[in-house]
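Have a look at the structure below, then the notes.
Just so you know, these numbers use all the heavy atoms, side chains as well, and skip hydrogens, waters and symmetry mates.
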Amino acid sequence: MSRDRKPEQLVSELRSVVGDRYLITDADKKVPYCTGWRFGSGSAIAVLKPGTLTELWHALVLCVEYDVIVVMQAANTGLTGGSTPSGDDYDRDVVVINTMRIDAIHIIDEGRQIIGLPGSTLFGLEDKLAPYDREPHSVIGSSCIGASIVGGICNNSGGALVQRGPAYTELSLFAQINEDGTLELVNELGIELGDSPLEMIQNLESRRYGPEDIRFPAKLASDNEYTHRVREVDSPIPARFNADGRRLHEASGCAGKLAVFAVRLDTFPIPSKRQVFYVGSNDPDVFETIRRDVLTNFESLPISGEYIHRECYDATKKYGKDTFVVIDKLGSEFIPKLFALRRWADRMAKKLWFMPEKFTDYLMQFLSMCWPNHLPRRMEEYRDLYEHHWVIEMADGGVDEARAYLDNLFSREEGGYFECTEKEGRKAILHRFVAGSAIGRCHALNRKKFGAMMTMDIAFPRNELKWFEELPKEIDDLLEVKLYYGHLFCHVLHQNYIVKKGVDAKELKAKLLATYDERGAKYPAEHNVGHEYRAEETLRNFYRSLDPTNSFNPGIGKTSKKKHWS
């Protein structure tokens, strides 16, 4: 910040841009925006919530003029603390810009593509595409329900859908701070929007462009190679991971090192027929056999294949019940409202000395106990029979392929399967998807008797045969809780741990990561490095190229927080 311009002057000017209601300086009210959904927190002189792209641009111009750090944030559902400040050791003041009010979605090319603005969500996109019989690249979010479209692109998220891979595009509109400290708006959307930044922004936001302005350059709006990549089951390289240089491009994988105004993405036709198969076994080798046979021999790839271990099944049934019931009964679009209500209630509770920390976790857990068992009977029977559970969804011709294959397989191998009714299938998939919240709730309610929580997002090599973790006794004895779930067809596992009281979690995490290194794994797979993982050299160089002054989200991937990366 220049010496003759003080932070309060910047705050005053930002207030004139977004209005008093959407400029937050009160310490308590800043907490939800300066604290990660699961990890990380730091301080900021202000949080602002622009309501238009024009306001966002004006705010960025001021932040650059005052030489402050900008942390861009959408839904703040990330699992590695990468969308909030981290600590108080920055060399400049920090401003958090939350974009969730800018949530418009434009449908183009008769629904075959969309343009998502910074706060648009997967929930909103599913509804928007329904009349076109199309669906988004990703659905609901496997670990962070309520995620934004742009957040998914910036963080290499996605991959639950076997045929589509990580969220990716080469078509975007973004602001970038150049080497000389100037702010530039770069239009790579493939749409003629004008010349000056404000003209481009206003034409996009007001939809002042027609079919004649839309170009179809030789650029990708999704990962068109993933279906071939995931089938290569003998490759020693994981199918997808955060530092994969082949899928780092401008907004894609930028981790907040750019201010992304819009992304353009492909959509996909809704299959005419779907069938969910619920598969169980006590032998993880059986699941690996299925994985390899399906990926190499099936003509039709699965839509998805979501794994959950028995202990995670139980924890999710207990600690994810309220989220499950809310989505099941009120719809996924209610989740953002629920999150906002919880943030408000937690903030109010903190003002009362007798209220527990994470009050809403206790409240929601109590209320969930009043609700009857929400899981289908056949799922519960399989829970008792089998340690390993796999929810496989097939479409169209793949349904008959899967049925014939599973009948033959389980005539000679340990385990079994059943074909879900529509209701059972919906609940099986939803139960797996809310598993991401179970570890956090479990830890929150038992933190007095447990140690720290660790969540690992690991991409194992495609040729790995022993995918299920078997830890050395000296590590296993230090763990109180282990919860495993993930995307088994692409060998991406979410391995969540709560350590025993008194255990040094930092030291233990290093040991765990060493075991993954020995197996040729990559991490993180799909949640971005945030402030939890050290970025590989590929990522570090990518971040430097995008943000040479290190003014957007510095410190990400345990890189320097200093200006110009010093």
**Message:** Using salt bridge (Lys or Arg N to Asp or Glu O under 4.0 Å), reason through Glu135 and Arg274 one step at a time and then give a plain yes or no.
**Reply:** CA-CA 14 Å; Glu135 60 186 7; Arg274 296 176 186 257; 2.7 Å; yes
**Prompt:** What do the steps show when you test Ser172 against Ile153 for side chain to side chain contact (heavy atoms under 4.5 Å, CB included), and what is the final call?
**Reply:** CA-CA 10 Å; Ser172 62; Ile153 290 293; over 6 Å; no
**Prompt:** Can you check side chain to side chain contact (heavy atoms under 4.5 Å, CB included) on Asp213 and Leu193, steps first, answer last?
**Reply:** CA-CA 8 Å; Asp213 298 310; Leu193 295 170; over 6 Å; no
**Asked** When you look at Asp26 and Lys29, which way does the salt bridge (Lys or Arg N to Asp or Glu O under 4.0 Å) test go after all the steps?
**Response** CA-CA 5 Å; Asp26 178 87; Lys29 293 180 180 179; 5.7 Å; no
**Request:** Starting from the C-alpha separation in whole Å, work towards a yes-or-no answer on side chain to side chain contact (heavy atoms under 4.5 Å, CB included) for His106 and Tyr209.
**Result:** CA-CA 11 Å; His106 302 182; Tyr209 61 87; 2.8 Å; yes
**Message:** Between Arg264 and Asp109, does the salt bridge (Lys or Arg N to Asp or Glu O under 4.0 Å) criterion hold? Intermediate values first, please.
**Reply:** CA-CA 11 Å; Arg264 179 173 165 183; Asp109 194 23; over 6 Å; no
**Message:** As a quick check of understanding, evaluate side chain to side chain contact (heavy atoms under 4.5 Å, CB included) for Leu161 and Ser304, giving each step before the final call.
**Reply:** CA-CA 5 Å; Leu161 301 184; Ser304 64; 4.2 Å; yes
**Item:** Stepwise salt bridge (Lys or Arg N to Asp or Glu O under 4.0 Å) test for Glu250 and Lys219
**Value:** CA-CA 12 Å; Glu250 296 174 341; Lys219 292 186 174 184; 5.2 Å; no
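For Glu184, the CD atom counts as densely surrounded, since its 6.0 Å shell holds more than 12 non-hydrogen atoms of other residues, nucleotides or ligands. In the displayed structure, Arg246 atom CZ is contacted under 6.0 Å by more than 12 heavy atoms of other residues, nucleotides or ligands. Surrounding NZ of Lys427 are more than 12 heavy atoms belonging to other residues, nucleotides or ligands, all under 6.0 Å away. Counting heavy atoms of neighbouring residues, nucleotides and ligands inside a 6.0 Å radius, atom NZ of Lys561 exceeds 12 of them.
A donor-acceptor pair under 3.5 Å is absent between the side-chain atoms of Asp223 and the main chain of Tyr168, judged by distance alone. Side chain of Asp322 to backbone of Met364: no donor-acceptor contact under 3.5 angstrom is found. For Glu170 (side chain) and Leu220 (main-chain N/O), a donor-acceptor pair under 3.5 Å exists by modelled atom type. At distances below 3.5 Å, not a single donor-acceptor pair connects side-chain atoms of Ser206 with backbone N or O atoms of Arg208. Between the side chain of Asn76 and the main chain of Thr84, no donor-acceptor pair closer than 3.5 Å is present. With hydrogens and angles disregarded, a donor-acceptor distance shorter than 3.5 Å links the side chain of Gln163 to the backbone of Leu301. With hydrogens and angles ignored, the 3.5 Å screen pairs no side-chain donor or acceptor of Asp67 with any backbone N or O of Arg92. Panel note: side chain Asp244, backbone Arg240; no donor-acceptor pair is recorded below 3.5 Å. In this structure, the side chain of Thr80 engages the main chain of Asn528 through a donor-acceptor pair within 3.5 Å. With hydrogens and angles ignored, the 3.5 Å screen pairs a side-chain donor or acceptor of Thr35 with a backbone N or O of Val31.
Here Met72 contributes atom CE and Leu60 contributes atom CG; the two are 6.0 Å apart, rounded to the nearest 0.5 Å. Lys128 contributes atom NZ, which lies 10.5 Å from atom CD1 of Ile114 (distance to the nearest 0.5 angstrom). Of the inter-residue distances, the one linking Ile556 atom CD1 with Lys257 atom NZ reads 8.0 Å to the nearest 0.5 angstrom. Taking CZ from Arg441 and NZ from Lys321, the interatomic distance works out to 12.0 Å, rounded to the nearest 0.5 Å. Within the model, atoms CG of Leu129 and CZ of Phe268 stand 10.5 Å from one another, a figure rounded to the nearest 0.5 Å. Rounding to the nearest 0.5 Å gives a distance of 3.0 Å between OH of Tyr33 and NZ of Lys49.
Considering only heavy atoms from C-beta on, Asp457 comes within 4.5 Å of Val492 through its side chain. Side-chain contact between Tyr523 and Met456 is absent, with no heavy atoms from C-beta onward closer than 4.5 Å. Using a 4.5 Å heavy-atom cutoff, the side chains of Leu48 and Glu55 are not in contact. Residues Thr52 and Glu205 have side chains in contact (heavy-atom distance under 4.5 Å, counting atoms from C-beta outward). Inter-residue side-chain proximity for Leu546 and Phe552 is flagged as unmet; no heavy-atom pair is nearer than 4.5 Å. Between Leu189 and Leu204 the shortest side-chain heavy-atom distance falls below 4.5 Å. Side-chain contact between Gln113 and Asp266: present, with at least one pair of heavy atoms (C-beta onward) separated by less than 4.5 Å. Ile105 has its side chain within reach of Ile149: a pair of non-hydrogen atoms, C-beta onward, lies under 4.5 Å apart.
Judged by a 6.0 Å distance limit and a 45° cone about the ring axis, Lys509 is positioned over the six-membered ring of Tyr533.
In terms of heavy-atom proximity, Gly190 sits nearest to Leu171 at N-CD2, 4.4 Å. Minimum heavy-atom separation, Thr316 to His431: CG2-O, 3.3 Å. Minimum heavy-atom separation, Asn553 to Gly82: ND2-O, 3.0 Å. Summarising the geometry of Val17 relative to Ala59, their closest heavy-atom pair is CG1-N, 4.3 Å, with the distance given to 0.1 Å. Across all non-hydrogen atoms, the minimal contact from Ala175 to Phe261 is CB-CE1, 3.6 Å. Shortest non-hydrogen contact noted between Glu188 and Phe174 is CG-CE2, 4.3 Å.
There is a side-chain donor-acceptor pair under 3.5 Å between Glu13 and Tyr66. If you check the side chains of His494 and Glu526, you find a donor sitting under 3.5 Å from an acceptor. Counted by atom type alone, Asp88 and Ser43 present one or more donor-acceptor pairs between their side chains at under 3.5 Å.
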Which side-chain N or O atoms in residues 537-544 pair as donor and acceptor under 3.5 Å with protein atoms at least two apart or in another chain?
residue : atom : partner : partner atom : Å
Asn541  : ND2  : Glu537  : O            : 3.3

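Note on residues 73-82: no pairs pass salt bridge (charged side-chain N to carboxylate O under 4.0 Å, His left out), not counting sequence neighbours.
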